[in-house]
Amino acid sequence: MGIRLPSMVLPAKQILKVHRLLARDEFPAGAIRDVPKGHLAVYVGETQKKRFVIPVSYLKHPLFQDLLSQAEEEFGFDHPMGGLTIPCKEAAFINLTSRMTAS
């Protein structure tokens, strides 16, 4: 099941949730230590989750906001990996982040 990317705005509560997780250190053991300042780890995949470290600035990008909104609509805020989980195809995530870097 893939995620479509409709045009929506990221609710502030999603950004705050990410910041709260970072502040409370609610990521898997050792995950925070290898994330550079100004970045965050996200887990991407439909069945197997792969960890990506992305710049925090991506949270403000409209394409990434659309992806997060779609993930929230379809799957809610249940993040079993302990961090931000985006249940989409890995190739789609890489394509999206490549477009964000190019723009």
Side-chain angles (χ1 to χ4, degrees):
M1 162 183 345
I3 294 179
R4 296 181 316 270
L5 301 174
S7 179
M8 294 180 203
V9 178
L10 178 69
K13 67 180 179 178
Q14 284 181 314
I15 294 173
L16 293 174
K17 181 168 179 63
V18 170
H19 289 288
R20 281 194 302 269
L21 289 172
L22 286 170
R24 292 191 311 229
D25 199 22
E26 289 186 12
F27 287 91
I32 286 288
R33 285 177 227 136
D34 61 347
V35 177
K37 185 175 183 174
H39 290 73
L40 71 137
V42 296
Y43 298 89
V44 178
E46 294 179 302
T47 54
Q48 294 282 39
K49 305 292 188 245
K50 183 173 179 181
R51 185 171 180 260
F52 290 86
V53 177
I54 61 169
V56 173
S57 62
Y58 281 12
L59 293 173
K60 294 180 184 177
H61 197 286
L63 290 174
F64 200 78
Q65 290 176 357
D66 289 345
L67 178 65
L68 289 177
S69 294
Q70 185 67 32
E72 177 191 11
E73 283 180 16
E74 289 191 27
F75 301 99
F77 281 117
D78 182 26
H79 301 293
M81 298 295 292
L84 182 59
T85 304
I86 302 173
C88 71
K89 292 184 179 178
E90 197 176 309
F93 181 79
I94 292 170
N95 181 24
L96 178 104
T97 56
S98 297
R99 291 188 305 175
M100 290 169 44
T101 304
S103 60

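This structure is a prediction, so every number in the text was calculated from the model and none was measured.
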**Q.** Inter-residue atom distance Thr101.OG1 - His61.NE2, 0.5 Å rounding
**A.** 8.0 Å
Q) Can you list the residues that meet the ring pair (Phe, Tyr, Trp, His ring centres under 6.0 Å) rule with Phe52, with sequence neighbours excluded? A) Phe93
Q.
Nearest 0.5 angstrom please: Leu40 CG to Ile54 CD1, how far?
A. 4.5 Å
Q: Please name the residue in the list Val53, Thr97, Leu84 that meets the side chain to side chain contact (heavy atoms under 4.5 Å, CB included) test with Val42.
A: Leu84
Q) With Leu96, which of Leu67, Val44, Asp66 fulfils side chain to side chain contact (heavy atoms under 4.5 Å, CB included)? A) Leu67
Q.
For the backbone of Lys37 and the side chain of His39, can you confirm whether one donor and one acceptor N or O come within less than 3.5 Å of each other?
A. yes
Q | Partner set under side-chain hydrogen bond (donor to acceptor under 3.5 Å, both in side chains) for Thr47, not counting sequence neighbours | A | none
Q. In a check of salt bridge (charged side-chain N to carboxylate O under 4.0 Å, His left out) between Glu90 and each of Arg51, Lys50, Lys49, which one passes?
A. Lys50
